[in-house]
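Here is the structure we will look at, set down as structure tokens.
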Amino acid sequence: MTVVTADGVYVYAIVRARRRLPKGMSGVGSPAAPLRTIEQGQVAAVVSEAPPKLRARRRDLLAHQDLLLRLSDQGPVLPMRFGMVAPDEETVCGQLAAGEADHVAALEHLSGGVEVNVKAFPAQHALRSLLVDDKKLRRLRDEALRRPGYEANLRLGEAVAAALESRAAEAGRGLLRELTPRARAVASGPEVQGCVLNMSFLVDRGDSDDFRSAAEQFAETHSERVELRLAGPLPCYSFVSAEGTRVRTVGV
């Protein structure tokens, strides 16, 4: 029997079949939608009824994220991004069946793993050390002091920004060399304004604290070149392909 809802079926994740859902959890929507699974062979989709007029409200974003984190605590998960909706259960079953072998392989690959995201930014407090290292910047600074004006200040500002970014990018490459051997897989993220490195690492759950400590130690050692922002453990978004799941992304 095909179950059709007015606004479709909201898809949170794909898990192994016969997984129990975490107690006390609910889905997106107000009131919160009850969770259920749709099983097909060796895999299952964690779903709920899609709420009408779904938008990226804080409450719904947190509900989506919290559920994925709880599911990840229990075993491997193929997480969906917020706002993934299928028209009905029949569509979900069809996609689970068509991609079953790939889903099983992906779940096996992610078993015991978590994602840690690392973003690197130029160190903004390092102007003094930058001037010590860079003769060109010292010359531009001296010119701006001797003949202050808009053009001189502009040239100095642009040169400082470029030098800070260059030093941070070099440090970011060193960070990548340091962290990659500690990960099972690495995935680059989208460009972020002001960010010289945006990478996600698939690491063993038991090693995630040591991984973060290694990144923090690198940041401390290179504090005059780069500033890091770490996020995780996270569901393994960056190591899952949404291809083969016929869903629409709600405009959020």
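All residue numbers refer to positions in the sequence shown, counting from 1.
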Checklist entry - CZ of Arg205: more than 12 outside heavy atoms within 6.0 angstrom? => result yes
Checklist entry - Is it true that the NZ or CZ of Arg229 lies under 6.0 Å from the centre of Phe121's six-membered ring and within 45 degrees of the ring axis? => result yes
Item to check | Check against side-chain hydrogen bond (donor to acceptor under 3.5 Å, both in side chains), Asp210 and Ser213 | outcome: CA-CA 5 Å; Asp210 288 342; Ser213 295; 5.1 Å; no
Checklist entry - Would you say Leu68 and Met25 are hydrophobically clustered, going by side-chain heavy atoms of ILVMFWY under 4.5 Å? => result yes
Checklist entry - Looking at side-chain heavy atoms only, is the closest gap between Val43 and Leu107 below 4.5 Å? => result yes
Checklist entry - Does the pair Val186 and Leu202 meet the rule for a side chain to side chain contact (heavy atoms under 4.5 Å, CB included), with working shown? => result CA-CA 6 Å; Val186 181; Leu202 177 63; over 6 Å; no
Checklist entry - How close do Met80 and Tyr237 get, heavy atom to heavy atom, and via which atoms? => result O-CE2, 3.6 Å
Checklist entry - For Arg36 and Glu89, what are the C-alpha separation, side-chain angles and deciding distance, and is it a salt bridge (charged side-chain N to carboxylate O under 4.0 Å, His left out)? => result CA-CA 11 Å; Arg36 65 184 188 277; Glu89 288 197 9; 2.9 Å; yes
Checklist entry - Which heavy atom in Arg167 sits nearest to a heavy atom in Arg225, and how many Å separate them? => result CD-NH1, 3.5 Å
Checklist entry - In terms of hydrophobic clustering (I, L, V, M, F, W, Y; side-chain heavy atoms under 4.5 Å; direct or indirect links), are Leu234 and Leu71 co-clustered? => result no
Next on the checklist: Tell me if the aromatic rings of Tyr10 and His64 count as close, with their centers under 6.0 Å from one another.
Outcome noted: yes
Checklist entry - After noting the C-alpha distance and the side-chain angles of Ile14 and Leu96, does the key distance pass the side chain to side chain contact (heavy atoms under 4.5 Å, CB included) rule? => result CA-CA 9 Å; Ile14 296 172; Leu96 289 177; 4.0 Å; yes
Next on the checklist: Distance check, rounded to the nearest 0.5 Å: Leu230 atom CG versus Glu216 atom CD?
Outcome noted: 5.5 Å
Checklist entry - Does any non-hydrogen side-chain atom of Val203 lie less than 4.5 Å from one of Arg184? => result no
Item to check | Test item: Pro79 and Tyr12 side chains (from C-beta on) under 4.5 Å apart, heavy atoms | outcome: no
Checklist entry - Asn198 side chain to Pro190 main-chain N or O, any donor-acceptor pair under 3.5 Å? => result yes
Checklist entry - Heavy atoms, side chains only, cut-off 4.5 Å: are Leu176 and Met199 in contact? => result yes
Checklist outcome for this item: Taken to the nearest 0.5 Å, the spacing of Leu61 CG from Arg57 CZ works out to 10.0 Å
Checklist entry - Just how far is it from atom CD of Glu178 to atom CZ of Phe218, taken to the nearest 0.5 Å? => result 7.0 Å
Checklist entry - Hey, any chance Met84 and Leu69 share a hydrophobic cluster, counting ILVMFWY side chains that come within less than 4.5 Å of each other, even indirectly? => result no
Next on the checklist: Taking Glu90's backbone N and O only, do any of them form a donor-acceptor pair with Asp88's side chain (distance below 3.5 Å, no angle check)?
Outcome noted: yes
Checklist entry - Hey, mind stepping through Phe82 and Val28 against side chain to side chain contact (heavy atoms under 4.5 Å, CB included) and telling me if it holds? => result CA-CA 10 Å; Phe82 179 88; Val28 298; 4.2 Å; yes
Item to check | Hphob cluster co-occupancy, Phe201 + Leu78, side-chain heavy atoms under 4.5 angstrom | outcome: no
Next on the checklist: Do Val116 and Val77 sit in one hydrophobic cluster, given that two such residues count as connected whenever their side-chain heavy atoms are within less than 4.5 Å of each other, even indirectly?
Outcome noted: no
Checklist entry - Any idea which heavy atoms bring Glu165 and Pro122 closest together, and the distance? => result CA-CG, 4.0 Å
Checklist entry - Looking only at heavy atoms, what is the nearest atom pair of Ser208 and Pro233, with distance? => result OG-CG, 3.9 Å
Item to check | Sub-4.5 Å side-chain heavy-atom contact between Leu175 and Leu228 | outcome: yes
Checklist entry - How close do Pro235 and Gln65 get, heavy atom to heavy atom, and via which atoms? => result CD-NE2, 4.0 Å
Item to check | Under 3.5 Å donor-acceptor, Arg212 side chain and Asp207 backbone | outcome: no
Checklist outcome for this item: The reported gap from OG in Ser200 to CD in Glu115 (rounded to nearest 0.5 angstrom) is 3.5 Å
Next on the checklist: Rounded to the nearest 0.5 Å, what separates atom CG in Leu179 from atom CG in Leu197?
Outcome noted: 9.0 Å
Checklist entry - Would you call Val85 and Val11 a side-chain contact if the rule is heavy atoms closer than 4.5 Å? => result no
Checklist entry - Heavy atoms, side chains only, cut-off 4.5 Å: are Leu110 and Val240 in contact? => result yes
Item to check | Steps toward salt bridge (charged side-chain N to carboxylate O under 4.0 Å, His left out) verdict (Asp60, Arg55) | outcome: CA-CA 8 Å; Asp60 289 331; Arg55 292 294 182 269; over 6 Å; no
Next on the checklist: Using 0.5 Å steps for rounding, measure from the OG atom of Ser26 to the CG atom of Leu35.
Outcome noted: 6.5 Å
Checklist entry - Would a 4.5 Å heavy-atom cut-off, applied to side chains only, mark Gln42 and Arg16 as touching? => result no
Checklist outcome for this item: Heavy-atom closest pair (Gly27 atom, Arg59 atom, distance to 0.1 Å) is O-NH1, 2.9 Å
Next on the checklist: The test is side-chain hydrogen bond (donor to acceptor under 3.5 Å, both in side chains); show your working for Gln217 and Thr221 and say whether it passes.
Outcome noted: CA-CA 6 Å; Gln217 179 62 49; Thr221 303; 3.3 Å; yes
